[in-house]
**Student:** 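To start, I am sharing the structure in question, which I have written as structure tokens.
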Amino acid sequence: MIYSALTAVLFLAVIAVGVVLIVRNIMIERSLFGRGKSKGKKVHMAIPCAVIAAGVLLLALIPGSFHTVDEGTVAVVKEMGVIKEVEEPGTYFDFWLTRKYEEYDAKVQQVEIKMDAYTADSQTMDISMTIQFQIRQDNVKDIVRIYGSLGALTNRIQSVAIERTKATLSQYQAEKLIEQRNTISPTVETAISEAIGDKYYVTFNSAVLTDITFSEAFEAAVEAKMMAQQEKLQAQYENEKKKEQAETALYVAEQEAKALVAKAQAQADAQVAAAKAEAESIMLKSVEIARMLGYEVETVTTPVEGEENEVVTTYNIKFTPDHDGKDIAEYMQYIEYMSKWDGKLPQVVGDGNGFMITIPGLGGDGNTGSGTNP
């Protein structure tokens, strides 16, 4: 643009010079005409007129021949309608009557698409998606020859994207699409990318499904079904929880029962051990008393099977007519009685014929009272 402005100023200056020359010549011609010397002087007007004409012509042709290609675009240069070359960003000088520059946007193109489609179970849905692509600068001539403009190419790519999206989504049941709504975009993007490939001289970047909307009735039905499933799952969870609680309670009861059984067994074992110990103690006492009373006692030791250095000792008391064992029993009873006696004499003593009552003395003076049965 700056080159066009400078060129216009230059050519305006040339025209101004021509105008000044014309005015000057007119003034000179009038001066000579007044003196009667104007014959042959009109030829001088041709030069300034030619200057003015050249300036006007250049002003009309030259500024329009400067062409600027902006960053992010490429220009297809046509000469008399025939493609000659492709120019990158920059400023170029070409005669505008014969050569034209058509710019093509080389930046990433973003296209918003809305469509309606059907699922595998014939549910209708409204789809919103965004695709991005970029033309290949090396193939701009092919794009111009085949499609004529970037708009026509964009329409073609949009048609391919719509067709592949519908074909892909039609393979899914509606409920599956709802469940996978956020993960279906990669599948659609792959399908569109494969369909575009290298056919349209573009680099396909992405395709994103921004929204999938079903009918209100279907959305309500799906929501109701999901709520029912959630309630079912909740009920199953509660049943499982109750089952676990019951199993836990049963386990606790079993453990408590086992503990009680173990406790009872331990008590029984303790009682058996105590009884065994008491029996052994009585036996040892009887053996000791028998020896004290002159009985012959035989000691027998028997090895314990499976236990090294373990033996069982038994005692055999030999009885005779003089030692029949009654005195051992009486002595044992006497020892038992003495172990339990508190040191106090009984208050009533029998003599075989009647009884005698012994009354303890009062006040600790040792006096006692007594009485006999007549």
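Predicted model, so just to flag it, every value in this text is computed and none were measured.
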**Student:** At what distance, to the nearest 0.5 angstrom, does CD1 of Ile212 lie from CD1 of Ile184?
**Tutor:** 7.0 Å
**Student:** My understanding is that only residues two or more places apart in sequence, or in another chain, count here; which of them pass side chain to side chain contact (heavy atoms under 4.5 Å, CB included) with Gln123?
**Tutor:** Thr119, Asp121, Ala174, Phe214, Phe218
**Student:** Can you list everything that forms a side chain to side chain donor-acceptor pair (under 3.5 Å) with Lys176? Sequence neighbours excluded, please.
**Tutor:** none
**Student:** Under the rule for salt bridge (Lys or Arg N to Asp or Glu O under 4.0 Å), what residues qualify as partners of Glu103, not counting sequence neighbours?
**Tutor:** none
**Student:** Kindly write out the residues that satisfy side chain to side chain contact (heavy atoms under 4.5 Å, CB included) with Gln110, not counting sequence neighbours, or none if the list is empty.
**Tutor:** Glu112, Thr130, Gln132
**Student:** I'd like to know whether Met115 forms a side-chain contact (heavy atoms from CB on, under 4.5 Å) with Met129, so could you lay out the CA-CA distance, the side-chain angles of the two residues, the decisive distance to 0.1 Å, and finally the verdict.
**Tutor:** CA-CA 9 Å; Met115 72 187 88; Met129 66 180 303; 3.4 Å; yes
**Student:** May I have all residue pairs that pass side-chain hydrogen bond (donor to acceptor under 3.5 Å, both in side chains) and include part of residues 258-271, sequence neighbours excluded?
**Tutor:** Gln265-Asp269
**Student:** Checking Asp116 now: which residues fulfil side chain to side chain contact (heavy atoms under 4.5 Å, CB included) with it, not counting sequence neighbours?
**Tutor:** Asp126, Lys166
**Student:** Would you check if Ile157 and Phe133 make a side-chain contact, meaning some heavy-atom pair closer than 4.5 Å?
**Tutor:** yes
**Student:** Please find the pair of heavy atoms, one from Arg164 and one from Ala191, that lie closest to each other, and give the distance.
**Tutor:** CG-O, 4.0 Å
**Student:** Which distance, rounded to the nearest 0.5 Å, do you find between the CD of Gln173 and the CD of Gln180?
**Tutor:** 11.5 Å
**Student:** Counting only N and O atoms by type, is there a donor-acceptor contact under 3.5 Å from the side chain of Asn139 to the main-chain atoms of Ile135?
**Tutor:** no
**Student:** Would you compute the distance between atom OH of Tyr172 and atom CE of Met125 and round it to the nearest 0.5 angstrom?
**Tutor:** 11.0 Å
**Student:** Hey, is the main chain of Ala207 close enough, under 3.5 Å, to the side chain of Glu189 for a donor-acceptor pair?
**Tutor:** yes
**Student:** Hey, is the main chain of Tyr201 close enough, under 3.5 Å, to the side chain of Arg136 for a donor-acceptor pair?
**Tutor:** no
**Student:** Which residues satisfy the salt bridge (Lys or Arg N to Asp or Glu O under 4.0 Å) test with Glu102, sequence neighbours excluded?
**Tutor:** Lys78
**Student:** Holding to side chain to side chain donor-acceptor pair (under 3.5 Å), I want the full list of residues that pass it with Lys107, two or more places apart in sequence or in another chain.
**Tutor:** Asp105
**Student:** Please say yes or no: joined through hydrophobic side-chain contacts below 4.5 Å, possibly via intermediate residues, are Ile146 and Leu150 part of one cluster?
**Tutor:** yes
**Student:** Could you state whether Leu169 and Tyr118 fall into the same hydrophobic cluster, counting links through intermediate Ile, Leu, Val, Met, Phe, Trp or Tyr residues with side-chain heavy atoms under 4.5 angstrom apart?
**Tutor:** no
**Student:** Might you confirm whether atom CD of Glu288 has over 12 heavy atoms from other residues, nucleotides or ligands at distances under 6.0 Å?
**Tutor:** no
**Student:** Check for a donor-acceptor pair, side chain of Thr73 on one end and backbone N or O of Tyr104 on the other, with a separation under 3.5 Å.
**Tutor:** no
**Student:** Taking side chain to side chain donor-acceptor pair (under 3.5 Å) as the definition, give me every residue that meets it alongside Asp211, ordered by chain and number, with sequence neighbours left out.
**Tutor:** Thr213
**Student:** Only counting residues at least two apart or in another chain, list the ones meeting salt bridge (Lys or Arg N to Asp or Glu O under 4.0 Å) with Asp138.
**Tutor:** none
**Student:** Roughly how far, to the nearest 0.5 Å, is OG1 of Thr203 from CD of Gln137?
**Tutor:** 10.0 Å
**Student:** Within a strict 4.5 Å, meaning less than it, do heavy atoms of the Val111 and Ile113 side chains meet?
**Tutor:** yes
**Student:** Could you list the residues that satisfy side chain to side chain donor-acceptor pair (under 3.5 Å) with Tyr200, not counting sequence neighbours?
**Tutor:** Arg156
**Student:** Within this structure, what is the CG-CD1 distance for the pair Leu209 and Ile131, rounded to the nearest 0.5 Å?
**Tutor:** 11.5 Å
**Student:** Looking at OG1 of Thr187 and CD1 of Ile192, how far apart are the two atoms once the value is rounded to the nearest 0.5 Å?
**Tutor:** 11.0 Å
**Student:** Name all residues meeting the side chain to side chain contact (heavy atoms under 4.5 Å, CB included) criterion together with Ala152; count only those two or more places apart in sequence or in a different chain, and write none if there are none.
**Tutor:** Tyr147, Ser149
**Student:** Mind listing the closest non-hydrogen atom pair of Ser170 and Ala167 along with its distance?
**Tutor:** OG-O, 2.8 Å
